[in-house]
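Structure first, then comments.
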Amino acid sequence: MDLPKNYEFSEVERRWQDTWREEDNYFDPASTKPKYIIDTPPPYPTGTFHIGNAFNWCYIDFIARYRRMRQFNVMFPQGWDCHGLPTEVKVEEIHGITKNDVPREEFRKMCRELTLSNIEKMRGTLRRMAFSVDWSHEYITMLPAYYGKTQLSFLRMLAGGYIYQSEHPVNFCTRCETAIAFAEVAYEPRETTLNYFDFDGLEIATTRPELLAACVAVAVHPEDERYFGMAGRMLSVPLFGHKVPLITDPAVDPAFGSGAVMICTFGDKQDVHWWKQHNLDLRKAIDRQGRMTGIAGDYAGMKSSECRKAILDDMKRAQILTRQEVLEQRVGTCWRCKTPIEIMSERQWFVKIDPDAIMKAAREITWNPEHMFLRMENWVSQMEWDWCISRQRIFATPIPVWFCSRCNEMIVPAEEDLPIDPTTSGPSHPCPKCGSTEFVGEEDVLDTWMDSSISVLNVTGWDGTSMPHLFPAELRPQGHDIIRTWAFYSILRSVALTGSRPWDQILINGMVLGEDGFKMSKSRGNIISPEDIIEKYGADALRQWAAAGAATGSDIMFNWNDVIAASRFQTKIWNIARFVLLQLGRRPYSRDAPIEAPADRWLMARLSGTVREVTDAMEACQFDRALKSLREFAWDVLADNYIELVKGRLYSDEKERDGACRALHATLDTLCRLMAPFTPYFAEECYSHLGKGSVHACTWPEPGQQDPDGLAYGDLLVRIVAELRRYKHEKGLALNAPMGRVAVFSSPITDDGGDAGRALNAAFEWHEEPPKLEKVPGDLKFNMAVIGPKLRKDAGAFMKAARALPRDLQENPPETLDIDGRTIAVPEGAFSLEYRYLEAGEQVDVISVGGVIVTIHTIP
RNA sequence: GGGCCCGUGGUCUAGUCGGUUAUGACGUCGCCCUUACACGGCGGAGGUCGCCGGUUCGAAUCCGGCCGGGCCCA
């Protein structure tokens, strides 16, 4: 059957998309094959599957397809991490409302509808990318089937003592009006002023004058002589007048500002630390909306920024503001909206963090690349507070508890009643403590990471009662940007709920940068979408870019050149396949023919080596190495060397062509399989022309038997042909021009069955005996680059004199030479004697290839 | 300030627990439309492997210092 001249990726990719059956990618619960469970990241359904996602998913799909071919029972589930602020904001924007304008349930419904339509759009991209997702294991965190499990996990951890409620300082975003966890705080550089002012006779420097009302102490270093003997004194807070103590603490930096710092509740984490350590008062100066509270007196109701300005003005007026310095600082902001966070004490829900247990589990996991483990270690080692999991938002999993209106007893639902929304339904029994039937449902909802951090439990079949039967998963693939969140929380939750590590291996991928080397962003205009690339060069080319563009784990720059090179590689293989199938079909050949010609043995040996290399690389998730090895084999070994070498034999009708046919058939078959994980459409299309069903249902190839002799002979043969090509090139001969007799003197003999002779259009002879060569001096070769500048107008006479020299002096030039009665120095390297070789009296050119002598009898 | 990663021909990049001539792609120069492919073939040019020092018979690779870039965290 003839292959079309051109490979039309758009037609081919569309056709296979329509042909492939979803069920072929399903995990089979009844299978006896070893399981391979992937804890796929559930993306946030923004409506676009961006290139960073595509990059991440390419790695996952390479592994999923490879493992299936290695006869694993693979689960490649697809989740959607739906809850969260961005969708709430989008809904407010679309409907022109704010979340408080409509009932909570109606707002949630709007969020769900938007999310579902976004998911549908993203599913389309996943399909076009040929990601072999198991759609029977899709999960959507906002649907009852999933968030029921989130609630169940909450109740389990509550019962296990991992979750507690407490009034404790938390990071708070006043724009989102919710508490957030440390993992959600992003630090941004900012220029601010350090303000020095008189504090009841003491000079204080502060960056947060607006917190003056929340001042609860002034601290100095215990060894700071400026403040000796002052500890314990009560100071009057300027403008407000309340009294605060002067305390000492070694954590105060005497070199910063005036060496005296005011402690407020709360300016930063350090304040919290001191507040706890010294049992200080709590003064809340800022409320949830970021406005000043009643204790701020005249400033109450102002936004903190307004208050800051007003207080500084009042300090100036009172002449206590002494000076201001510009200061570079890093301010904690909400990672979603970049609003500076406040630290405020609130009643919130927390998950206890046990760093030792988490690290123990983290160490049991194989980290790839290894150094990414350090990020986890660093993050865990500096945890100070527990994980704040309550949020004051709407579109999220409700915290499933009620409080008795009479005695404030906490009531939890029965597990079989989950999922519930405690704000719309009540408990099924009266309060067990006081018998009351009046309850208040918890309005706080859960941090979105509480949903996604049980993804692995969900896909491994957790039902709350036991160790999930598919647990732990084999693989967690994810980006390095969410190690401190998703990876950390997932390990924490697995340890808390099952007592063991969630996965055997974690594979970390890098971030995708724009073509200009910067992070992709709208403002830079360097965003490339997967759809753009698929449109122009096809999904397979994009997948190849993901594999070959960077070493696993490092960040990758998007690069059109790499995509184009990938698509050219496909074209090249397409043409190889066309040629091979044309030759195979041209005339029947024996399927039992021995593969014994040196070229054929060489091809099989190199193929075998390639299978070994690619397999090793796949096992180590080194996709760049795998694809590189494949490209080198297909392009260099197969196309440029092997096929060029055996073309003549294939064109012939001799029975020797059968070995080449067999070798080519086996090679094409194996090549398709090796490429299948990377270019599923292309490999399928090529393989379909071999007429043996889907390549994705095939087993992964095994390397053939080692054949070191075949490899060595073949390498020599290929090198000889390459050297002779170079020779022809230097002689200005076309590659197919006749070149007379070529004799190769090698031991043991490596007669190639005529391949090299046909390829070079030469009469090849193979000799075991060494050649009988006679070395005779030839012409003198002058180096004009030396002679010209040194001798100038004497050059002509110099050369004449040199030619006239006796042989031995031509071989070993004298120091001086006489020209026209003058003696002149012979410049270093002015000339050298060339030699000619005679074989049986006939002049030959001689080249040496790895110690093997090749003589060429040129046609006169 | 701490931790981690990186610095390789014009550009991007592989190699980094030591060992012939440093990988590939793009670009570039010359020749060739040879019955698979000009989206191709053949041949070439182009590298002080960031800088300095050390270990070693031998360093892009190991150690120390410095310079520059990035990420994560205070």
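Note that this is a predicted model, so its numbers are computed, not measured. Letters A, B, ... mirror the listed sequences (proteins, then strands); counts begin at 1.
Under a 4.0 Å N-O distance rule, the pair A:Glu654/A:Arg657 does not qualify as a salt bridge. For the pair A:Asp271 and A:Arg208, the salt-bridge criterion is not met [side-chain N within less than 4.0 Å of a carboxylate O]. A salt bridge is absent between A:Lys536 and A:Asp532; no separation between the charged side-chain nitrogens and carboxylate oxygens falls under 4.0 Å. By the 4.0 Å N-to-carboxylate-O rule, A:Lys647 lies close enough to A:Glu644 to be salt-bridged with it. Salt bridge A:Glu632/A:Arg606: present, at least one basic N to carboxylate O contact under 4.0 Å. A salt bridge is absent between A:Arg375 and A:Asp481; no separation between the charged side-chain nitrogens and carboxylate oxygens falls under 4.0 Å.
Remark: the separation of the C1' atoms in B:U28 and B:A45 is 8 Å, to the nearest Å. Between B:C71 and B:U13, the distance separating the two P atoms is 15 Å to the nearest Å. Comparing B:U56 with B:G46, their C1' atoms sit 32 Å apart, to the nearest whole Å. B:G7 and B:C51 have their C1' atoms separated by 11 Å, given to the nearest Å. One C1' atom belongs to B:A60, the other to B:C6, and the distance between them is 14 Å to the nearest Å. Across the P atoms, B:C42 and B:G24 are found 13 Å apart, a figure rounded to whole Å. Atom C1' of B:C4 sits at a distance of 29 Å from the matching atom of B:U48, rounded to the whole Å. On the P atoms, B:G65 is 11 Å away from B:G3, given to the nearest whole Å.
Secondary-structure annotation of RNA chain B gives the stems B:1-7 with B:67-73, B:10-12 with B:24-26, B:28-32 with B:40-44, B:50-54 with B:62-66, with a stem taken as at least 3 successive Watson-Crick or G-U pairs whose two distances both fall under 3.5 Å.
With sequence neighbours excluded, no residue forms a side-chain hydrogen bond (donor to acceptor under 3.5 Å, both in side chains) with A:Thr265. By the ring-ring contact (aromatic ring centres under 6.0 Å, His included) test, A:Phe678 is found to be paired with A:Phe62, residues two or more places apart in sequence or in another chain being considered. Partners of A:Trp602 under the ring-ring contact (aromatic ring centres under 6.0 Å, His included) rule, at least two apart in sequence or in another chain, do not exist in this structure.
We find that CD of A:Gln382 is positioned 14 Å from C1' of B:C4, with the value rounded to whole Å. Distance CD (A:Glu632) to C1' (B:A25): 13 Å, rounded to an integer number of Å. Taking atom CD1 on A:Ile508 and atom P on B:C4, their separation rounds to 17 Å, with Å as the unit. We find that CD of A:Glu515 is positioned 15 Å from P of B:C26, with the value rounded to whole Å. Straight-line distance from the CG atom of A:Leu630 to the P atom of B:G24: 16 Å, rounded to whole Å. Distance, A:Asn561 CG to B:U28 P: 11 Å, rounded to whole Å.
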Subject >> Base-contact (B) and sugar-phosphate-only (S) positions in nucleotides 5-21 of chain B, heavy-atom cut-off under 4.0 Å, - elsewhere >> reply: S--------S-------
**OP:** Would you give a per-nucleotide map of nucleotides 29-46 of chain B, 5' to 3', where B means the base has a protein non-hydrogen atom under 4.0 Å away, S means only the sugar-phosphate does, and - means neither?
**Re:** -B---S-BB-BSSBSS--
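Seen from the ring of A:Trp486, A:Arg476 counts as a face-on cation partner, given the 6.0 Å and 45° thresholds.
Residue A:Ala565 is the one, among A:Ala565 and A:Asp481, whose nearest nucleotide of RNA chain B lies closer to the 5' end (criterion: closest heavy atom).
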**OP:** For the pair A:Val512 and A:His50, evaluate side chain to side chain contact (heavy atoms under 4.5 Å, CB included) and give the outcome as yes or no after the intermediate values.
**Re:** CA-CA 10 Å; A:Val512 178; A:His50 60 76; over 6 Å; no
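When atom types are taken as modelled, the side chain of A:Asn526 and the backbone of A:Ser521 share a donor-acceptor pair closer than 3.5 angstrom.
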